[in-house]
Each structure stands twice: as C-alpha cells, then as structure tokens.
Amino acid sequence: MKRVIRCVRALEILDSRGNPTLAAEVELSGGVAATAKVPSGASTGRHEALELRDGDPGRYAGKGVRKAVRNVEEVIGPALAGTDPEDQAAVDGRMIELDGTPGKSRLGANAILGVSCAVARAAAMARGVPLWRHLAGDRGASLPVPMVNILSGGLHAGRQFEFQDFLAAPYGFDTYSESLCAACAIHRAAKELLDERGCVLTGVADEGGWGPRLPANETALEVLTAAIERAGFRPGEQVVIAIDAASSHFYVDGRYYLRSEERWVSRGEMIDLLAGWAERFPVFSIEDGLAEDDWEGWERLTRRLGNRLQLLGDDLFVTNPGRLERGIRSGVANAVLVKMNQIGTLTETFQVIDRASEAGYRAVISARSGETEDDFLADLAVASGAGQIKVGSVTRSSRLSKYNRLLEIEQRSDLPYFRLMVPRQPADPQAHGTRLTSGAKL
Ligand code: PGA
Ligand code: ZN
C-alpha cells in the first residue's frame, strides 16, 4: 500500500540555549509518524535563509516561533496532504513554491526545514530502512571523521578571544569509535593544560567546548597541540587541527579587530597570520578565514593556501547553491560547510553536497551552535558520504545525540570509515606543494 502524507503539525520547543525553535511532525496514512527539530545559529551569515521569529518582546525576548508553527499547520500542512513522502524533491519544491521568496522569508526556513526533515524520516520509517539509507540514494555512504570542538571563543564564548572554534580532527584511526575516543582524551587533556597554565575558565561554551580566557588567539593553538600530545597522539599524523575563524563577526570597516590582542589586522595580514599558523601548527582546515563578502580576498587566500589546507566556506557559502557556484567558478575555497537551516530544505542541501563533490570540493556536515537532541545530522553525514562532521564538543546531549547516533550506525552496519586524505604536515620538508586530494570515493 502506497502511503501518503496525512497531516503535518508543529510545536514550539526549546533549543540548547533556551531559545524557542520548531519541531514538526508528519503523519502518513497507515499511522506512521515522525518528527524533526530545527537548530538555530548565533554567528549567522548575512546571506542565510530567514529564521522566522515572532518579534513579540513579551515572549522569549521576541524569539518565539508561533508564526512559523502556524505556517506549518495552516499553509504547508494542507498543501502537502495527499502527497507522496518518498518524493522529497516534490515535497520541498511545493514548499519553496508556497513560500515564493528567495530567502524563505514568508513561511520561514525554520518552518520549511522542520517539515522537510520530518517527511524524510517518516518516509524512511514507512520503507522500514534506517534514515541514512533512505537519504543516501546512489551516494557512497560512509562514517564521517568527527571534527570536534575543544576550545571556543567568539560569539559562542563571550568573546574571550576572537577566533570561534579550535577543533581536533582525529583522522588517523581505523574506526569512527576510536576517533571519538581520541577526541574525548584530547578534550580532557586540554582542561588539564588550561588549569596548569592558570587560564580562567569561563565555563563551557555554546557547543560544549571549553571557553577559557586566553592572552592571544594563538595560545589556543598551543594548548590544543599540547593537548593532542598529552593525550598520547601524534599531532599531524593521527590528529589534525581545524579552525573556524568565523571572521565576519570581528570584521569592522574592512579590517579584523582582535580585541583580546588589542590590534587590527588587514586582509593581507590575516592571510599571513593564517599561513604562519599553518606553518607552525598541525592545521589542516580553516573555515571562514576571511569575511563573508570578501570574494577577492578569498581568491587570494585560496591561491596562497588552497593546495595544502582545506579552506571551508560557512558564512561565505551559507549552503546556498548559487553562492557555491560563484565560488567554484572563481576559484574560491575548496570545501563547503553544510548547515541545512541556512538554506531550508533537504533537497537544496543535497544539491550543494552533490555539486561540491562534482567540482572536487569537500563538504563538511555541520550542526548549529543552538541545537536540539535531534540526531538527523548523523544520518545525513553518513548518507552523503561527505566524510567529515562538525557538531561541537563531546559534552552536552545536544552534541552527543549526533555522536551517539554515529556509534549506533557504526555498530549496526558494515559501512566503511571515511579515509580523509591530509597533506603532510609542516614538520615534513616535503609538505609544501603537496596537493590536497579528495578522500577516496567509498
Ligand atoms: P553558528 O556557529 O551555528 O552560531 O553559526 C557554527 C559555525 O559557525 O560553524
Ligand atoms: Zn562557522
């Protein structure tokens, strides 16, 4: 019996920062029902699709999502009733059409994404297959390398320092679970080192990593490299570092303001700073190294470092097929961060992932700093075969739901662990000129 969408409901719930967000529930004929919960960013890109908020200062400081809930129940639900949940492109296309704006500002990307993901989940349940298998289609599914947040600054940690995330990517292990175990050891070692250095810990940051006060941004790299060693691993060989500069958020009047270091940095100096770090530390990936609309600067950055670093566009590309296309055409960056709620449907998310892979760009599947216990992203990362996932640190349930779901998928399947190819690190004299090659297609 072919099932159809019977009804769609929504609910205002809370995210990991205590802000409202939306949960959508899709019920199919025959009684199958599934929900999906939408995340929310803090260091958002200017070109993201619109997250619809009520703007009523009397509730949640204006952040309520009752309008989005109403849009799901009164506009989207009736329009989708009777349609085929397995035809994701048609479902998403219908919602895009109903919205009718380029940035999903009428119905809200939060309303649309909730339904998009809940439909996929319901369809997988109806087929009796795991979500990742339903999503994968012809793609070569694999378990991704986790890019784990260890130290946080910027908007996620009270701006103690400006660069937003310093992450450990344990890529030199045979399995996902061994990599996760290594990340936990590094996370613990980082805390010990911060204590020994007398750094004031301002608590745990929005993504569960440590939010210390540091004398300079570079100190985060020193601490993280030392933590990798203290945990018993070889930096560069087993574990590499990823940085999310999120530089649009300290870009002021054409320059970067490093308030914690009391200095201003020009575009050229920023490129030099990043190049210098990549020489001296086992850095493999730099996200948003320059501001979101500095296309010319990004071209320079890519020419200078693109052959030995993963240069990842988050606020730059905002998971938008048009912006990614511009990047590919102009030789900007070599990887795209994928956040579903930046664009608002699963279909467009896969469009970005597939186009990236076709153009030789890598994709990193990412959570938002405001998350829920929903583990959809784990299945998306596996299904896409993208090979890397970035969902925060190894504390807080909103983060662990994803890591734990990956453990479950690893346990219950015989999927391969993605082999991430990392150029030799600076200690090796051959490092320069080594090309960053895409991971083996699995
Ligand atoms: P956001 O942060 O969810 O606050 O945008 C995550 C990131 O910048 O990668
Ligand atoms: Zn980012």
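When a ligand or atom number is given, it counts from 1 through the structure's own listing order. Position 1 is the first residue of the sequence; numbering continues from there.
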Measure the spacing between CZ of Phe317 and CG of Leu312 and express it to the nearest 0.5 Å.
9.0 Å

Region of Asp288 engaging ligand 1 - heavy atom pairs below 4.0 Å:
neither

Among all the protein's non-hydrogen atoms, which is closest to atom 6 (C) of ligand 1, and how far away is it?
Lys339 NZ, 3.3 Å

Nearest protein heavy atom to atom 3 (O) of ligand 1, by residue and atom, and its distance?
Ser369 N, 2.7 Å

By number and element, which atoms of ligand 1 are closer than 4.0 Å to a non-hydrogen atom of Gly41?
1 (P), 3 (O), 4 (O)

For Glu207, take its heavy atoms, then give the atoms of ligand 1 lying under 4.0 Å from any of them.
2 (O), 6 (C)

The Zn ion (ligand 2) and Glu287: any N/O/S contact shorter than 2.8 Å?
yes

Return the residue, atom name and 0.1 Å-rounded distance of the protein heavy atom closest to atom 5 (O) of ligand 1.
Arg368 NH2, 2.8 Å

Measure from the Zn ion (ligand 2) to each N, O or S atom of Asp244 and report whether any distance is below 2.8 Å.
yes

For atom 8 (O) of ligand 1, what is the closest protein heavy atom, and at what distance to 0.1 Å?
Gln164 NE2, 2.9 Å

Numbered atoms of ligand 1 (with element) below 4.0 Å of Asp244, judged on heavy atoms
7 (C), 8 (O), 9 (O)

Single hit among Arg362, Lys390, Lys339 for salt bridge (Lys or Arg N to Asp or Glu O under 4.0 Å) with Glu287:
Lys390

CE (Met147) and CZ (Phe284) are apart, to the nearest 0.5 Å, by 6.0 Å

Glu292/Arg323 ion pair, N-O < 4.0 Å
no

Any salt bridge between Asp294 and Arg300, counting N to O under 4.0 Å?
no

Should Ser43 be counted as touching ligand 1, given the test is an N or O pair under 3.5 Å?
yes

Do Glu371 and Arg399 sit within salt-bridge range, that is, some charged N less than 4.0 Å from a carboxylate O?
no

Under a 4.0 Å heavy-atom limit, does Asp314 contact ligand 1 with its side chain, its backbone, both, or neither?
side chain

Could you see which bit of Ala42 sits under 4.0 Å from ligand 1, with heavy atoms only: side chain, backbone, both or neither?
both

Ranked by distance from atom 9 (O) of ligand 1, the top protein heavy atom is Lys390 NZ, 2.7 Å

I need the atoms of ligand 1 closer than 4.0 Å to a non-hydrogen atom of His156, numbered in the order shown.
1 (P), 2 (O), 4 (O), 6 (C)

I'd like to know if the Zn ion (ligand 2) has an N/O/S atom from Asp314 within less than 2.8 Å of it, counting both backbone and side-chain atoms.
yes

Is the shortest side-chain N to carboxylate O distance from Arg355 to Glu358 below 4.0 Å?
yes

Mind checking whether Phe163 and Trp277 have ring centres under 6.0 Å apart?
yes

Pair Glu373 + Arg396, salt bridge at N-O below 4.0 Å
no

Distance under 6.0 Å and angle within 45° of the ring axis: does Arg267 meet both against Tyr251?
no

